[in-house]
Amino acid sequence: LRTVYDPFTTVFNQAANTSSRTPFAGNAIPKSRFDPTSSRVLKDVWQPNRPGDDITGVNNFRLTVPNTFRYWNLSNRTDYVINDNWKLFGRFSRFHTIESSPDVTGGSRAQGMGGSQRNGLQAAGDAVWTINPRMVLNLRGSFNKPVDNFADEQSELKSWTDLWGGNAWHEPYLPELPQVYYPGITVGGSVLGRTSYWYGEPRFWGGSAKLSVQSGRHYLKAGGEYRGIRMRQGAFSPSNFRFLPAHTAGTFINPNTRLQGDAWATFLLGVLDDTSSVQTRPLNEGRNNFYSAYLQDDFKLNQRVTFNLG
C-alpha cells in the first residue's frame, strides 16, 4: 500500500530545496483528524459492488446501465374558412424528450449521472381577409419555446448548508443559478456531484401584417413585422473541490504518487488543491426586439416590363 503522510507536518529546507512530511502511524488517519465536511460527504458515497481490480481496490464499483429516453410529440394543423372573405390557419406542435439515468446507488444525491430535458413548443397562426376583389389583408403571428436543460432531480438541493454543518459561506454564489445541485467534488479520478451543467429556455415570438392592393397597373404592398427574443440560458461550473494524492505524499516537491499519498486520504483531511474553484455566473437573460416596415410597388409598364419599387 502507498504510504500516507500528514500534510500539516511539512518541513521545507530552503537551502537544500527539499521538503519532508511525517507519515501517519500505522498508515491510518485518526478519526479525530477527519474534516467535518468530508465526513458528511462520505455519508453520500455509495458502497462498492465488487472487490476491486488489485490490492489497491481500484474500480470497486462497476456497472453498465442504460440511459432511458422518454419521448412523445403532438402536432396539429387546422384550416378554417369562415366565409368567402375570411380564412384562418393555425398550427400547434409540441415534443417532449426526457433522458434519464437509473439510480444505481440506492438514493445517493452525490451520484451525479444525470440526464437532460429537450422539449419544444411551437404555435403559429395566419389570417387572410379579402376586403374586396382588389384589397387583401394578411395577419401572422408565431411563438416558439425550445428547452435544452441538464436534468438530475436526485442531485438537486435547496442549499449546500447541510454539507457544511450550517455554515452558509456559499450562499452568495448560488442565487444566480437556475438549479442548485450537489457540489462537484473530484477525488483523484472519482467525481461526485456536478462540476458543470447547462440550462437553456429561450423564447421567440413575432407578428406581421401585410396589406396588398391592386390599382390599375400598380400592385401595392405595405406592411410591418415585429420579432422578440428573450434569452434564458447559460453554462455553469459552480464548483469543483479537488483532492489530489500529492498533498498526502512524503514531499510536495515532485512527489511519487504511485508509491506515496492517496487522494481519499487527502479528502478525509479536507486538504483542497489550489486548482479548486467556486464561482457564480449570472443567467443570460438578454432581450432583443426587431421592428421593420416596408412599402413596395410592382408597376407594370407594359406586358413585357415590370418595375419593382420599394
Q. Do Ile82 and Leu139 belong together in a cluster built from hydrophobic side chains that touch within less than 4.5 Å?
A. yes
Q. So do the side chains of Arg62 and Asp53 get within less than 4.5 Å of each other, counting heavy atoms only?
A. yes
Q) Among side-chain atoms of Thr68 and Ser100, is any donor-acceptor pair under 3.5 angstrom? A) no
Q) Got a second to check how far Ser159's OG is from Glu171's CD, nearest 0.5 Å? A) 4.0 Å
Q: Apply the test side-chain contact (heavy atoms from CB on, under 4.5 Å) to residues His170 and Thr161: give CA-CA distance (whole Å), side-chain angles for both, the deciding distance (0.1 Å), then the verdict.
A: CA-CA 8 Å; His170 51 273; Thr161 304; 3.4 Å; yes
(Q) Are more than 12 heavy atoms, taken from residues, nucleotides or ligands other than Arg50, located less than 6.0 Å from that residue's CZ atom? (A) yes
(Q) Is any side-chain heavy atom of Asp35 closer than 4.5 Å to one of Phe267? (A) no
Q. Counting N and O atoms only, with roles assigned by atom type, does the side chain of Thr9 sit under 3.5 Å from a partner on the main chain of Thr22, one being a donor and the other an acceptor?
A. yes
Q: Would you give the length of the straight line joining atom OG1 of Thr37 to atom CG of Leu163, rounded to the nearest 0.5 angstrom?
A: 7.5 Å
Q) In terms of ring plane angle, is the pair Phe61 and Trp46 parallel, tilted or perpendicular, where the classes change at 30° and 60°? A) perpendicular
Q.
More than 12 heavy atoms of other residues, nucleotides or ligands under 6.0 Å from CZ of Phe307: yes or no?
A. no
Q) Between Lys221 and Asp298, is there a side-chain N and carboxylate O pair less than 4.0 Å apart? A) yes
Q) Is Trp169 linked to Val41 within one hydrophobic cluster, defined over Ile, Leu, Val, Met, Phe, Trp and Tyr using a side-chain heavy-atom separation of less than 4.5 Å? A) yes
Q: Heavy atoms only: give me the nearest Arg118-Phe95 pair and the separation to one decimal.
A: O-CE1, 3.5 Å
Q: Before giving the answer on side-chain contact (heavy atoms from CB on, under 4.5 Å), spell out for Phe150 and Ser196 the whole-Å C-alpha distance, their side-chain angles and the decisive distance to 0.1 Å.
A: CA-CA 9 Å; Phe150 172 82; Ser196 63; over 6 Å; no
Q. So, Ser155 and Asp152: side-chain donor and acceptor under 3.5 Å apart, yes or no?
A. yes
Q.
If I take atom CG from residue Leu137 and atom OG from residue Ser212, how far apart are they, to the nearest 0.5 angstrom?
A. 8.5 Å
Q) Looking only at atom types and distance, does a side-chain atom of Asn119 sit under 3.5 Å from a main-chain N or O of Thr97, one as donor and one as acceptor? A) yes
Q.
Quick check against the 3.5 Å criterion: does Ser190 have a side-chain atom that pairs as donor or acceptor with the backbone of Thr186?
A. no
(Q) Give me the atom names and distance for the closest heavy-atom approach of Pro7 to Leu269. (A) CD-CD1, 3.6 Å
(Q) Set out, in order, the CA-CA distance, both residues' side-chain angles and the distance that settles salt bridge (Lys or Arg N to Asp or Glu O under 4.0 Å) for Lys43 and Asp162, then state yes or no. (A) CA-CA 12 Å; Lys43 296 179 180 180; Asp162 173 57; over 6 Å; no
**Q.** Side chains of Asn144 and Ser142, donor plus acceptor under 3.5 Å
**A.** no
Q: Please step through side-chain contact (heavy atoms from CB on, under 4.5 Å) for the pair Thr78 and Phe92, ending with a clear verdict.
A: CA-CA 9 Å; Thr78 300; Phe92 176 85; over 6 Å; no
(Q) If you define the side chain from C-beta out and look only at heavy atoms, does anything of Val136 sit under 4.5 Å from Lys210? (A) no
Q: Give the minimum heavy-atom separation between Tyr182 and Ala110, together with the two atoms involved.
A: CE2-CB, 3.6 Å
Q) Does Asn149 use its side chain to pair, donor to acceptor, with the backbone of Ala151 at less than 3.5 Å? A) no
(Q) Check this for me: Tyr173, atom OH, are more than 12 non-hydrogen atoms of other residues, nucleotides or ligands nearer than 6.0 Å? (A) no
Q: Carefully, step by step, assess Asn138 and Arg140 under the rule side chain to side chain donor-acceptor pair (under 3.5 Å).
A: CA-CA 7 Å; Asn138 183 216; Arg140 294 182 178 181; 3.3 Å; yes
Q. Looking only at atom types and distance, does a side-chain atom of Arg281 sit under 3.5 Å from a main-chain N or O of Ala235, one as donor and one as acceptor?
A. yes
Q. Looking at Tyr5 and Thr3, what are the two nearest heavy atoms and their distance?
A. CE1-CG2, 3.5 Å
**Q.** Within one Ile-Leu-Val-Met-Phe-Trp-Tyr cluster: Phe8 and Trp264, side-chain cutoff 4.5 Å
**A.** yes
Q) Is Gln47 atom CD crowded by more than 12 heavy atoms from other residues, nucleotides or ligands, each under 6.0 Å away? A) no
Q: Return yes if some donor-acceptor pair links the side-chain N/O of Glu285 with the main-chain N/O of Arg230 below 3.5 Å, else return no.
A: no
Q) Does the side chain of Thr248 come within less than 4.5 Å of Val271's, by heavy atoms? A) no
Q: Applying side-chain contact (heavy atoms from CB on, under 4.5 Å), run through Glu225 and Tyr294 and close with a yes or a no.
A: CA-CA 9 Å; Glu225 183 174 1; Tyr294 63 91; over 6 Å; no
Q.
Measuring only between side-chain heavy atoms, which start at C-beta, is Phe89 closer than 4.5 Å to Arg77?
A. yes
Q. Is there a donor in the side chain of Arg242 and an acceptor in the side chain of Ser276, or the other way round, less than 3.5 Å apart?
A. no
Q) In a check of side-chain contact (heavy atoms from CB on, under 4.5 Å) between Leu174 and each of Leu157, Val278, Val180, Thr280, which one passes? A) Val180
Q: Please report the shortest heavy-atom distance between Pro102 and Val65, naming the atom on each side.
A: CG-CB, 3.7 Å
Q: Output the distance between atom CD (Gln296) and atom NE2 (His218), rounded to the nearest 0.5 Å.
A: 13.5 Å
Q) Should the ring pair Trp164 and Trp160 be called parallel, tilted or perpendicular, given that the plane angle runs from 0 to 90° and is split at 30 and 60? A) tilted
Q) Hey, is the main chain of Gly184 close enough, under 3.5 Å, to the side chain of Ser239 for a donor-acceptor pair? A) yes
Q: Without swapping roles, check the side chain of Arg217 against the backbone of Leu301 for a donor-acceptor pair under 3.5 Å.
A: yes
Q) Crowded around Arg227 CZ? As in, over 12 foreign heavy atoms under 6.0 Å? A) no
Q. Do side-chain atoms of Gln303 reach the backbone of Val305 as a donor and acceptor pair under 3.5 angstrom?
A. no
Q. Just by distance, do the side chain of Asn85 and the backbone of Asn132 share a donor-acceptor pair under 3.5 Å?
A. no
Q: Could you tell me how the ring of Tyr181 sits relative to the ring of Tyr197: parallel (under 30°), tilted (30 to 60°) or perpendicular (over 60°)?
A: perpendicular
Q) So do Ser215 and Arg134 actually touch side chain to side chain, heavy atoms under 4.5 Å? A) no
**Q.** Neighbour count >12 (heavy atoms, 6.0 Å) for atom CG, Asn76
**A.** yes
Q) Side chains of Gln154 and Thr105: does their closest heavy-atom pair fall under 4.5 Å? A) yes
Q. Looking only at heavy atoms, what is the nearest atom pair of Ala168 and Pro172, with distance?
A. O-CD, 4.3 Å
Q | Check: Leu192 and Asp44 side chains under 4.5 Å, non-hydrogen atoms | A | no
